[in-house]
There are 2 protein chains.
Amino acid sequence: MDDEHGRWEAAERLALVLTEGGLQRMAARTLAMFLFTDLQSVTAGEIGERLAASAGAVSGAIKSLLAVGLIERLPAPGSRREHYRLREDAWATLFTSQNTAIQAMLDAAAAGIEVTRTGDPAHERLSRMRDFYEFLLAELPGLLHRWHQHQQSGQSAGQEERR
Amino acid sequence: MDDEHGRWEAAERLALVLTEGGLQRMAARTLAMFLFTDLQSVTAGEIGERLAASAGAVSGAIKSLLAVGLIERLPAPGSRREHYRLREDAWATLFTSQNTAIQAMLDAAAAGIEVTRTGDPAHERLSRMRDFYEFLLAELPGLLHRWHQHQQSGQSAGQEERR
DNA sequence: ATAGAGCTTCAGAAATTTCTGAACTATGTT
DNA sequence: AACATAGTTCAGAAATTTCTGAAGCTCTAT
């Protein structure tokens, strides 16, 4: 533990996983940095320095992470530099963002059902697809609810610090 | 309904959604074609014709769809052309394929926990991340089980007929 | 007010992904 | 056995994504 080299290597590895998952490259690296830093909050400059990226690239990454709600801007301590940090519910948010993908699939299926005739193979197939995504969408709220309960009931990794 | 133009437009639209979700472009278009065709099975040639794509591109797309288990090769009727069709459980498979992504996140978190010291902010953050993905992974089997039950009990979520 | 640090935007460069076309392999037909 | 059709592979072309660097804007402190 406490292996500085291993830490950033692990961070970059996580960034790759996030990229596969659909995040843009620099956004993924930035998110990983937020996770692996020991600072309570970081500035754009610090991110750029650690990732060896231009200010422009960092700016874009922060913008997109803010947009999807994974990080938040801290009420400025009073200074020139903006401070950001990972949001408390970042993981649930990241997971939930797939709801929109599921809804999009549902819509696509519905559109297909509209333009095909009842009984046609395509119509049947699309109906099954719609059923699945409808089911999935209906299950998600309960799943997140169980997560919050699970969290409340003080499981492992419990001791939070505040700031 | 039964609008040939609208049908393929809807198919291409679904392909875009699938692409956002991480599928390669041609694989996504091919999968959409499998969904929207009225044929019970299709050949590589038919796909290439409909999508106006080269045989090489189609070959690659089929290969990758087979690899993730979304389509299957039909026991050749006896001929030269290979026939393929969408697998019955394609949607559950597509959904489940995210399990590997979740496992990858879990592994990345674990790696980070290894190289940080207990009590460090990063260590705490990574622990919370691990907790979430552990929870998620544990929930998935139950969710798929409920889907299969839901399916059995024949409620096709609406006014569709069965076949 | 002015200076200057930090941030954003954007055009063009660089890197990556994706597709085509042609050569090659395999298989069924005559 | 020879031919022809279906499918696969792969190098290079095309398209797309992503990043840099520079210009411009904003806001704090002097």
Side-chain angles (χ1 to χ4, degrees), chain A residues 11-34 37 39 41-68 70-85, chain B residues 11-34 37 39 41-68 70-85:
Chain A
E12 290 293 349
R13 192 149 23 238
L14 172 63
L16 286 183
V17 175
L18 289 166
T19 300
E20 311 257 305
L23 274 189
Q24 292 176 335
R25 193 172 146 78
M26 189 60 76
R29 295 183 68 209
T30 301
L31 184 57
M33 147 114 200
F34 274 103
T37 185
L39 300 173
S41 66
V42 296
T43 67
E46 288 163 348
I47 295 168
E49 188 176 0
R50 161 133 312 283
L51 301 184
S54 72
V58 173
S59 177
I62 288 178
K63 192 174 173 184
S64 73
L65 290 177
L66 279 174
V68 294
L70 291 174
I71 63 175
E72 61 192 345
R73 195 185 308 256
L74 286 180
S79 76
R80 197 137 47 181
R81 303 184 171 187
E82 301 280 7
H83 282 245
Y84 304 89
R85 71 173 171 199
Chain B
E12 290 293 347
R13 192 150 23 238
L14 171 62
L16 286 183
V17 175
L18 288 167
T19 300
E20 311 258 302
L23 274 190
Q24 292 177 335
R25 192 173 147 79
M26 189 59 77
R29 295 183 67 209
T30 301
L31 185 57
M33 148 114 198
F34 274 103
T37 185
L39 300 173
S41 67
V42 296
T43 66
E46 287 163 350
I47 295 169
E49 188 177 1
R50 161 131 313 281
L51 301 183
S54 72
V58 173
S59 176
I62 288 178
K63 192 175 173 183
S64 74
L65 291 177
L66 279 174
V68 294
L70 290 174
I71 62 174
E72 61 191 346
R73 196 187 307 255
L74 287 181
S79 75
R80 194 137 50 182
R81 303 185 170 187
E82 301 279 7
H83 282 248
Y84 304 89
R85 71 172 171 201

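Sequence lines set the chain letters: A, B, ... in the order given, protein chains first and strands last, and positions in each chain run from 1.
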So the side-chain hydrogen bond (donor to acceptor under 3.5 Å, both in side chains) pairs with at least one residue in residues 41-50 of chain B (sequence neighbours excluded) are S41(B)-H83(B)
With sequence neighbours left out, the residues meeting side-chain hydrogen bond (donor to acceptor under 3.5 Å, both in side chains) with E12(A) are R29(A)
Rounded to whole Å, CG of L74(A) lies from C1' of dG6(C) at a distance of 17 Å
Sorted by chain and number, sequence neighbours left out, side chain to side chain contact (heavy atoms under 4.5 Å, CB included) with E20(A) holds for none
Open item on the list: Considering every strand and a 4.0 Å limit on heavy-atom distances, what is the contact class for A27(A): base, sugar-phosphate, or nothing?
Closed with: nothing
Taken to the nearest whole Å, CG/L65(B) to P/dG7(D) is 15 Å
Contact list (N/O, under 3.5 angstrom) for nucleotides 22-24 of chain D vs protein:
none

CD1 (I71(B)) and CE (M33(B)) are apart, to the nearest 0.5 Å, by 11.0 Å
Taken to the nearest 0.5 Å, the spacing of L70(B) CG from L23(B) CG works out to 7.0 Å
The nucleotide from dG7(D), dT20(D), dC7(C) with an atom nearest the side chain of R81(A) is dC7(C)
Anything under 3.5 Å between a protein N or O and an N or O of nucleotides 11-18 of chain C, put it in a table, one pair a line.
none

Using a heavy-atom cut-off of 4.0 Å across all strands, would you classify A61(A) as base, sugar-phosphate, or nothing?
nothing
Across all chains, not counting sequence neighbours, the salt bridge (charged side-chain N to carboxylate O under 4.0 Å, His left out) partners of E72(B) are R85(B)
Indicate every side-chain donor-acceptor pair of residues 54-67 of chain B with a distance under 3.5 Å to a residue at least two apart or in another chain.
{"from": "S54(B)", "atom 1": "OG", "to": "A57(B)", "atom 2": "N", "distance (Å)": "3.2"}
{"from": "S64(B)", "atom 1": "OG", "to": "A61(B)", "atom 2": "O", "distance (Å)": "3.0"}

Within residues 12-22 of chain B, the residues having a heavy atom closer than 4.0 Å to DNA chain C are none
Closest heavy-atom pair, A28(A) versus T19(A), reported as atoms and distance to 0.1 Å, is CB-OG1, 3.4 Å
From NE2 of H83(B) across to C1' of dT5(D) the rounded distance in Å is 14 Å
Rounded to whole Å, CD of E82(B) lies from C1' of dT8(D) at a distance of 12 Å
Per atom distances to the A57(B) side chain, the nearest of dC19(D), dT8(D), dT20(C) is dT20(C)
Ordered by number, residues from residues 43-50 of chain A within less than 4.0 Å of DNA chain C (heavy atoms) are A44(A), G45(A)
Practice task
Report yes if at least one side-chain N or O of K63(B) is closer than 4.0 Å to OP1 or OP2 of dT9(D); otherwise report no.
Solution key: yes
